[in-house]
Amino acid sequence: MNGRWQGVLALLVLLAAPGAGWAEPVLARLDADGVQRVEVVGGNYFFRPDHIIVRVGVPVELIASKEPGLTPHSLVIWSPRMGLDVDEMMGREARVIRFTPMATGQTSFYCQEKLAFFPSHQERGMAGVLEVME
Ligand SMILES: [Cu+2]
């Protein structure tokens with residue numbers, strides 16, 4: 001298979017993947033109480049949104065929930081540099097995940113669930129980017 005066809009195939013796979021990352025980044029809304037909030041939904045095998053932008057040094061609340069279904073999902077953000085150590089299971093009912101990013105830059109968030117010898121959810125695309133701006 002030549003390079004062009006591989007490219008077309010990759011594009012088709014990407015288009016067929018649920019929750020493929022086509023959406024715009026979402027900027028957390030800064031509420032009157034000084035907390036920046038974003039709703040995040042997890043499903044098989046995606047986060048929506050998959051690119052979240054927050055401000056540095058301001059408390060964040062991710063309002064996290066998962067789509068219906070038996071598959072468990074989690075939300076992990078680990079960046080010692082940014083002072084972030086989040087590891088929460090997601091439920092049907094929204095849960096609030098609180099943290100305050102202490103440095104600018106980018107880190108990933110992902111689901112660390114995995115069934116036996118199957119690829120992890122993260123490997124199946126259940127991951128996103130947390131962007132911390134000035
Ligand atoms: Cu998952």
Side-chain angles (χ1 to χ4, degrees):
M1 192 159 52
N2 67 32
R4 175 185 292 189
W5 281 107
Q6 281 174 355
V8 169
L9 198 63
L11 186 64
L12 287 175
V13 168
L14 207 58
L15 287 170
W22 295 107
E24 293 288 303
V26 169
L27 175 65
R29 67 170 189 276
L30 184 57
D31 287 333
D33 59 359
V35 177
Q36 40 185 350
R37 292 186 174 88
V38 196
E39 281 81 28
V40 187
V41 175
N44 300 350
Y45 294 92
F46 62 88
F47 285 108
R48 186 177 60 243
D50 66 359
H51 186 163
I52 296 171
I53 305 173
V54 297
R55 297 161 192 80
V56 70
V58 179
V60 175
E61 289 186 5
L62 297 182
I63 295 107
S65 61
K66 85 178 190 72
E67 294 203 320
L70 295 175
T71 310
H73 293 298
S74 63
L75 202 166
V76 174
I77 312 172
W78 192 72
S79 170
R81 190 179 72 79
M82 294 180 176
L84 303 180
D85 185 4
V86 169
D87 181 357
E88 299 276 347
M89 289 307 295
M90 302 182 94
R92 281 291 288 137
E93 213 149 280
R95 292 172 196 178
V96 179
I97 298 172
R98 295 184 176 84
F99 58 87
T100 303
M102 298 313 288
T104 58
Q106 289 198 349
T107 189
S108 61
F109 60 90
Y110 60 93
C111 172
Q112 68 174 357
E113 297 308 297
K114 178 175 174 11
L115 182 61
F117 49 84
F118 292 102
S120 70
H121 295 189
Q122 180 181 17
E123 286 164 340
R124 296 167 85 153
M126 193 164 181
V129 173
L130 178 72
E131 187 175 335
V132 182
M133 64 175 204
E134 195 53 59

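Every number for a ligand or one of its atoms is a count from 1 in the order of the listing. Counting from 1, the numbers follow the sequence of the chain as shown.
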* Between L130 and L84, is a side chain to side chain contact (heavy atoms under 4.5 Å, CB included) present by the stated rule, with each step listed? -> CA-CA 11 Å; L130 178 72; L84 303 180; 3.7 Å; yes

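Within a 6.0 Å radius of CE in M133, other residues, nucleotides and ligands contribute more than 12 heavy atoms.
A distance of 5.0 Å separates CZ of F47 from CE of M90, quoted to the nearest 0.5 Å.
The closest side-chain heavy-atom distance from N44 to H73 is below 4.5 Å.
Near the Cu ion (ligand 1), less than 2.8 Å away, sit the protein N, O or S atoms H73 ND1, C111 SG, H121 ND1, M126 SD.
Note: the hydrophobic cluster containing Y110 does not contain L75 (ILVMFWY, side chain heavy atoms under 4.5 Å, direct or indirect links).
In this structure, E113 does not pair ionically with R124, as no charged nitrogen and carboxylate oxygen lie closer than 4.0 Å.
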